[in-house]
Amino acid sequence: VTTIMQALLVLPACAAALHIDMFVASRSSPSVRVVSRASPPSASATISSTTSAPFEKDEFNEVVMGTYGRFDLVVSHGKGCKLWDINGKEYLDFTAGISTCALGHADDRLTAAVSEQMAKVHHVSNLYYIPQQGELAKRLLATNNLDRAFFCNSGAEANEAAIKLARKHAHGRGVESPVIITALSSFHGRTLATITATGQPKYQEGFGPLVPGFEYVPYNDAAALKEAVGRLSGKQQLAAILFEPLQGEGGIRPGEVEFFQMARGLCDETGALLMVDEVQTGMCRTGTFWGHQQLGVEVDVLTSAKALGGGVPIGAMLAKSHCDVFTPGTHATTYGGNPLACAAGLAVFDAIEQDSLLENVNERSAQLVGGLRGLQAKMPSVIADVRGWGLILGLELTEECGVTAAALCASVLSKGMLTVPAGATVLRLVPPLIVSEDEAAQALAILEEALAELAPNETQPPHVPTSSPPSPNSKACPNGSKPTPPPIASVLANAPPSTAQHPRRVHSTHLAPISRASRVHLAPPSIGPRDPLPLSPASSRSQVRTRGG
């Protein structure tokens with residue numbers, strides 16, 4: 001039993017070396033058979049079958065709740081940025097478990113770290129000191145200006161912790177009815193509080209009554225944000241503002257400097273907390289260690305998950321000491337910060353530093369953005385926009401072309417590439433941070449082929465720009481903050497040799513524990529326009545919504 005449990009826990013990282021064939025003989029007698037392989041296949045290997053019995057979707061659907069509309073794909077194993085299905089077909093993974101598998105699949109260091117920790121001790125509870133948790137906290141806090149860490153198991157849990165922290169902090173300063181402001185088209189999780197924080201009614205329908213004390217404003221609308229705060233009076237006062245630095249589910253829409261500076265100023269005036277949801281944008285995904293470092297603002301609270309464990313479940317909520325108001329018994333978690341998950345997080349940090357992953361993120365981002373804009377020049381009636389930061393990019397399709405993001409996603413899947421929609425008209429590209437130049441070129445070729453087939457009459461002779469246009473927000477920022485710099489392509493091209501070769505030095509990504517005084521904000525390279533996706537009809541300020549007061 002112990003052997004089977006260990007195999008199941010390390011399966012995502014070790015699928016190439018270990019094959020588990022699970023089947024259901026009957027509802028009352030499930031069995032698990034473990035079959036070892038003589039040697040793991042290479043990334044280029046193909047296999048005729050990885051199961052002794054065919055996978056039956058009907059049997060799966062009989063026992064698993066239908067909470068997902070699944071693609072017709074059964075994954076067998078992976079290596080790097082490649083996955084293989086049970087028939088041996090190879091796929092280029094530009095989904096990364098939805099921005100989660102930062103090191104790709106079956107990374108040797110992650111596999112070793114999890115396996116070695118599992119062989120020692122994997123869980124003891126937070127009743128005792130966990131050295132791996134303390135070390136991971138130090139390394140997380142060394143990347144920003146925050147002071148304390150709370151560990152949990154997911155992004156939703158991290159955001160729940162932030163919401164509770166904001167309310168407790170507000171009550172501590174005499175606020176009777178605290179209000180948290182979030183953005184329309186946001187996404188913060190699937191728990192009751194986090195779907196309430198999520199400014200999308202489709203995620204809230206059927207789950208009322210929702211949690212009171214939330215209001216919503218259009219993303220990137222600084223004037224609407226100021227109006228919303230100004231309306232709070234009496235018992236209702238601002239507890240926190242919670243935004244994503246870049247909206248993922250909302251269509252890969254980067255935040256604007258003015259909007260976040262307004263949020264920072266309003267929090268300073270009212271004593272509220274500025275909180276950022278970095279669940280999808282953190283851990284180098286955006287080309288800076290954290291997405292909000294693109295915007296030149298300091299935050300009070302930050303949430304992280306997804307790539308933090310490279311695919312092993314872990315979440316974290318980081319906060320400044322002035323709002324560290326949790327005490328024993330006020331918040332807790334059984335599994336959070338366990339030795340196994342923290343060992344995975346430390347392995348991810350090691351890889352970021354040892355492999356200069358920030359450098360790779362920025363170089364591959366410049367390559368992909370240039371290629372996508374080349375496709376846009378060829379197909380202006382099909383591609384409306386290319387936007388994003390680092391390796392979280394969105395390809396927005398025009399409404400008139402008749403091609404949906406889901407259709408494009410299905411088309412590239414049939415050609416051997418995994419992607420994920422971000423709304424009805426935006427295709428999201430979030431490959432592992434280790435993606436290579438050749439793999440980025442392969443992705444562009446597959447996208448071009450798929451678009452040409454879906455919209456065969458829309459291609460025009462290309463006029464590919466030699467460099468990315470400047471960001472609309474490249475003007476100087478008020479209050480002494482850093483201006484948004486030129487596109488990363490030109491940053492790399494014009495940098496001195498030492499900077500171009502080692503941008504992680506520029507971005508201050510030395511990850512060993514450092515003193516508070518020596519912490520700095522990571523420089524914010526910007527790629528892609530910051531123009532927001534039209535919010536129809538929510539873009540008007542009259543569309544500010546209130547939940548529960």
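As the structure is a computational prediction, the values presented were derived from the model and not from experiment.
C342 and G337 make their closest contact through SG-O, 3.4 Å (heavy atoms, listed as atom of the first residue, atom of the second, distance). Nearest approach of R173 to G271, heavy atoms of both residues: NE-O, 3.2 Å. When all heavy atoms of A113 and A347 are compared, the pair lying nearest together is CB-CB, 3.8 Å. Considering every non-hydrogen atom in both V301 and A162, the closest pair reads CG1-CB, 3.9 Å. For the pair L136 and G345, the tightest heavy-atom approach, listed with the atom from each and the gap, is CD1-C, 3.8 Å. Residues A443 and M417 approach most closely at CB-CE, 3.6 Å, considering heavy atoms.
The OG atom of S356 sits 11.5 Å away from atom CG of N362, with the distance rounded to the nearest 0.5 Å. From N360, atom CG reaches atom CD1 of I434 across 8.5 Å, with rounding to the nearest 0.5 Å. Summarising the geometry, atom SG belonging to C284 is positioned 3.5 Å from atom CG belonging to L358; distances are rounded to the nearest 0.5 Å. To the nearest 0.5 Å, the span separating CG on L141 from CG on L318 amounts to 5.5 Å. Interatomic distance, Q247 CD to Q200 CD, rounded to the nearest 0.5 Å: 8.0 Å. Here the CZ-OG1 distance, from F187 to T198, works out to 5.5 Å after rounding to the nearest 0.5 Å.
Judged by distance alone, the side chain of R190 and the main-chain N or O of A156 form no donor-acceptor pair under 3.5 Å. Listed for the T100 side chain is a donor-acceptor partner under 3.5 Å among the backbone atoms of I98. No donor-acceptor distance shorter than 3.5 angstrom exists from the side chain of S304 to the backbone of A316, with no hydrogens or angles considered. The backbone N or O of L146 lies less than 3.5 Å from a partner atom in the side chain of N144, making a donor-acceptor pair. Between the side chain of S115 and the main chain of A112, no donor-acceptor pair closer than 3.5 Å is present. S365 places a side-chain N or O within donor-acceptor distance of the main-chain N or O of G390, the cut-off being under 3.5 Å. A distance-only check finds no donor-acceptor pair linking the side chain of Q132 to the backbone of A343 [under 3.5 Å].
A 6.0 Å sphere centred on CG of D72 holds no more than 12 heavy atoms belonging to other residues, nucleotides or ligands. With a 6.0 Å radius and a threshold of 12 heavy atoms from other residues, nucleotides or ligands, Y335 has its OH atom at or below the threshold.
Salt-bridge check for K320 with D324: failed, with every basic side-chain N at 4.0 Å or more from each acidic carboxylate O. A salt bridge is absent between D93 and K79: the closest approach of a Lys/Arg side-chain nitrogen to an acidic carboxylate oxygen does not fall below 4.0 angstrom.
Counting heavy atoms from C-beta on, the side chains of L368 and L393 come closer than 4.5 Å. For the pair V430/F94, no side-chain contact is recorded, criterion being any heavy-atom separation below 4.5 Å from C-beta on. Between W389 and P254 the shortest side-chain heavy-atom distance falls below 4.5 Å. At a threshold of 4.5 Å between non-hydrogen side-chain atoms, the residues F151 and I314 count as touching. Taking 4.5 Å as the limit, some side-chain heavy atom of R285 sits within range of a side-chain heavy atom of S99. With contacts defined as side-chain heavy-atom distances shorter than 4.5 Å, the pair E62/F60 does not qualify. Counting only heavy atoms from C-beta outward, the side chains of T196 and Y216 approach each other to under 4.5 Å. Within the 4.5 Å cutoff, the side chain of R253 has heavy atoms near those of the Y219 side chain.
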Practice item. Verify side chain to side chain contact (heavy atoms under 4.5 Å, CB included) between C409 and L427, making sure each step is shown before the conclusion. Key: CA-CA 7 Å; C409 189; L427 188 74; 4.0 Å; yes

Practice item. Please report the C-alpha distance between I241 and I180 in whole Å, then the side-chain angles of each, then the deciding distance to 0.1 Å, and finally whether the side chain to side chain contact (heavy atoms under 4.5 Å, CB included) criterion is met. Key: CA-CA 6 Å; I241 295 173; I180 297 174; over 6 Å; no

Exercise for review: I would like to know whether L413 and F71 meet side chain to side chain contact (heavy atoms under 4.5 Å, CB included); could you show each step before the answer?
Suggested key: CA-CA 9 Å; L413 177 65; F71 290 100; 3.7 Å; yes

Check your understanding: side chain to side chain contact (heavy atoms under 4.5 Å, CB included) between L302 and M275: does it pass, once the steps are laid out?
Key -> CA-CA 6 Å; L302 176 154; M275 310 194 300; over 6 Å; no

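A perpendicular orientation is assigned to the rings of F243 and F260, their planes being inclined by more than 60° (bins at 30° and 60°).
The salt bridge (charged side-chain N to carboxylate O under 4.0 Å, His left out) pairs that include a residue from residues 109-126 are D107-R109, R109-D355, where partners are two or more places apart or lie in different chains. Note on residues 150-160: pairs passing side-chain hydrogen bond (donor to acceptor under 3.5 Å, both in side chains), not counting sequence neighbours, are N153-E157, N153-T333, N159-D277, N159-T303, E160-T191. Pairs passing the salt bridge (charged side-chain N to carboxylate O under 4.0 Å, His left out) check and including a residue from residues 329-343, sequence neighbours excluded, do not occur.
Looking at E278 and H292, their side chains do bring a donor and an acceptor atom within 3.5 Å of each other. Looking at D300 and H169, their side chains never bring a donor and an acceptor atom within 3.5 Å of each other. One side chain, Q133 or N126, offers a donor N or O that lies under 3.5 Å from an acceptor on the other. The closest side-chain donor-acceptor pair between R428 and T419, if any, does not fall under 3.5 angstrom. Looking at T281 and W290, their side chains never bring a donor and an acceptor atom within 3.5 Å of each other. Under the 3.5 Å distance criterion, with hydrogens and angles disregarded, a donor-acceptor pair is assigned to the side chains of K164 and H331. For the residue pair E244/Q280, the side-chain donor-acceptor check at 3.5 Å is not satisfied.
Between F289 and F349, a ring centre-to-centre spacing shorter than 6.0 Å is recorded.
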